[in-house]
Amino acid sequence: MPNVIEISDISARELDAYARLTHAQLRNRAEPEKGIFIAESPKVIALALDAGCIPLSLLMEEKHIAGDAAEIISRCGNTPVYTASRDVLSQLTGYQLTRGVLCSMLRPKVLSPAAVCENAKRIAVLEGIVDSTNIGAIFRSAAALGMDGILLTKTCCDPLCRRSVRVSMGTVFQIPWAYLDAESENWQSYLNCLGFKTAAMALNDKAIPIDMLQVTQEEKLAIVMGTEGDGLSTNTIENCDYNIVIPMYHHVDSLNVAAASAVAFWELRVR
């Protein structure tokens with residue numbers, strides 16, 4: 001039998017993770033092993049469980065217990081299942097954005113850049129991308145279109161923030177990723193030492209079309225994308241092996257970084 005606990009108001013301490021803790025508090029940088037994230041919808045929760053994430057509690061309307069969430073609940077053992085009426089749940093911040101089932105989970109173990117790059121042929125490097133929707137969309141495209149992993153600078157949005165997880169449709173649990181650390185601070189040289197060529201997506205006079213054979217046929221390639229608006233830093237562009245650009249029509253000069261990532265991942269996938 002599921003461990004169902006009915007909640008009558010949103011002030012219940014059991015709902016702190018869903019209603020009152022900020023993302024920074026959930027993430028718990030001081031003690032990462034105690035960090036939490038929130039997964040939404042049965043599909044996303046199932047992918048997180050498949051990846052080995054440990055559930056702490058579930059929150060849902062009563063109708064989902066024997067319905068959409070039944071299989072999830074069965075996989076979570078004695079994990080508390082908090083339930084409340086729609087009126088109570090509608091008071092939770094952001095609840096209207098969910099699909100009726102939420103799960104608080106321990107953050108997975110942090111990978112190293114070396115672990116992400118091991119045996120990889122194609123990776124994405126994200127520099128300073130702060131929009132959670134873009135991060136989630138990039139992860140979804142990366143998983144679908146042939147990337148083996150993702151590396152992020154520490155100025156990027158957390159891939160496990162609530163909106164990023166939701167937009168990614170759970171692919172943040174399917175594709176390995178890591179933050180660039182002190183060992184890989186000079187990451188272009190670091191990747192070169194691992195056998196990767198780096199290709200910066202940048203609008204400048206040195207940029208070559210993304211479909212040039214010399215780029216598409218590289219054995220190991222890192223596709224580098226920058227922050228919304230400003231793009232990649234000058235230093236990053238200058239230190240990459242290639243500057244590449246997606247040819248455009250009708251005088252359009254660029255795409256949103258998430259849209260551009262999908263084009264780049266497809267064009268530069270391993271054939």
Side-chain angles (χ1 to χ4, degrees), residues 1-7 10 12-62 64-65 67-84 89 92-112 115-116 132-133 135-140 142-143 149-150 152 156-179:
M1 292 290 292
N3 180 17
V4 178
I5 302 170
E6 187 168 356
I7 299 295
I10 64 169
R13 183 178 178 183
E14 295 90 334
L15 300 185
D16 282 352
Y18 302 101
R20 282 170 289 282
L21 297 182
T22 65
H23 176 67
Q25 291 171 323
L26 289 173
R27 188 174 181 183
N28 199 349
R29 286 179 180 269
E31 298 180 271
E33 70 279 3
K34 296 181 181 179
I36 297 171
F37 69 92
I38 305 297
E40 303 180 16
S41 86
K43 178 178 180 179
V44 171
I45 297 168
L47 289 173
L49 292 172
D50 291 344
C53 296
I54 298 172
L56 300 175
S57 69
L58 292 135
L59 176 67
M60 65 191 70
E61 290 181 56
E62 184 176 4
H64 294 301
I65 294 174
D68 295 346
E71 182 177 351
I72 294 297
I73 293 171
S74 69
R75 294 181 61 183
C76 291
N78 199 43
T79 301
V81 179
Y82 299 115
T83 185
L89 292 178
L92 291 174
T93 300
Y95 182 74
Q96 67 273 20
L97 300 177
T98 75
R99 296 185 181 181
V101 181
L102 295 88
C103 184
S104 67
M105 312 184 90
L106 285 177
R107 292 179 68 95
K109 182 180 178 180
V110 177
L111 294 177
S112 68
V116 171
S132 57
T133 298
I135 289 287
I138 290 169
F139 266 79
R140 189 173 182 181
I150 295 178
L152 306 95
C156 283
C157 168
D158 178 18
L160 292 182
C161 78
R162 188 165 165 178
R163 184 166 181 80
S164 175
V165 171
R166 181 170 65 248
V167 173
S168 81
M169 292 300 292
T171 54
V172 291
F173 309 116
Q174 294 179 306
I175 186 166
W177 59 272
Y179 282 104

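Any value given below was found using the heavy atoms of this structure, including those in side chains, with hydrogens, waters and symmetry copies removed. Numbers here simply count residues along the sequence, with the first being 1.
Ile72 has its side chain out of reach of Val101: every pair of non-hydrogen atoms, C-beta onward, lies at least 4.5 Å apart. Annotation: side chain of Val116 is not in contact with side chain of Tyr179 (no heavy-atom distance under 4.5 Å). A heavy-atom distance below 4.5 Å is not found between the side chains of Ile7 and Leu59. Side-chain contact check for Leu49 versus Phe173: every heavy-atom pair is 4.5 Å or farther apart.
Checking side-chain atoms of Trp177 against main-chain N and O of Leu152 turns up no donor-acceptor pair under 3.5 Å. With hydrogens and angles ignored, the 3.5 Å screen pairs no side-chain donor or acceptor of Tyr18 with any backbone N or O of Ile38. A donor-acceptor pair under 3.5 Å links the side-chain atoms of Thr83 to the main chain of Met60, judged by distance alone. Without hydrogens or angle criteria, Ser164 side chain to Cys161 main chain gives no donor-acceptor distance under 3.5 Å.
Here the straight-line distance linking atom CZ of Arg75 with atom CD1 of Ile45 works out to 10.5 Å at 0.5 Å rounding. If you take CG on Leu160 and SG on Cys53, they are separated by 7.5 Å, rounding to the nearest 0.5 Å. Here the CD atom belonging to Glu40 is positioned 4.5 Å from the CZ atom belonging to Arg166, to the nearest 0.5 angstrom. Of the inter-residue distances, the one linking Leu15 atom CG with Leu102 atom CG reads 10.5 Å to the nearest 0.5 angstrom. To the nearest 0.5 Å, atoms CE (Met105) and CD1 (Ile36) are separated by 11.5 Å. Between Ile150 atom CD1 and Thr171 atom OG1 the span is 7.5 Å, to the nearest 0.5 Å.
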Verify side chain to side chain contact (heavy atoms under 4.5 Å, CB included) between His64 and Leu58, making sure each step is shown before the conclusion. CA-CA 11 Å; His64 294 301; Leu58 292 135; over 6 Å; no
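The two atoms that bring Ile135 and Pro159 nearest to each other are CG2-CA, 4.0 Å, heavy atoms only. Scanning both residues, Thr79 and Pro55, for their nearest heavy atoms gives OG1-CG, 3.8 Å. Between Ala39 and Val44, the closest heavy-atom pair is CB-CG1, 4.1 Å.
Thr133 and Arg163 share a side-chain donor-acceptor pair at under 3.5 Å.
Within 6.0 Å of atom CG in Leu56, more than 12 heavy atoms from other residues, nucleotides or ligands are found, so the atom counts as buried in its surroundings.
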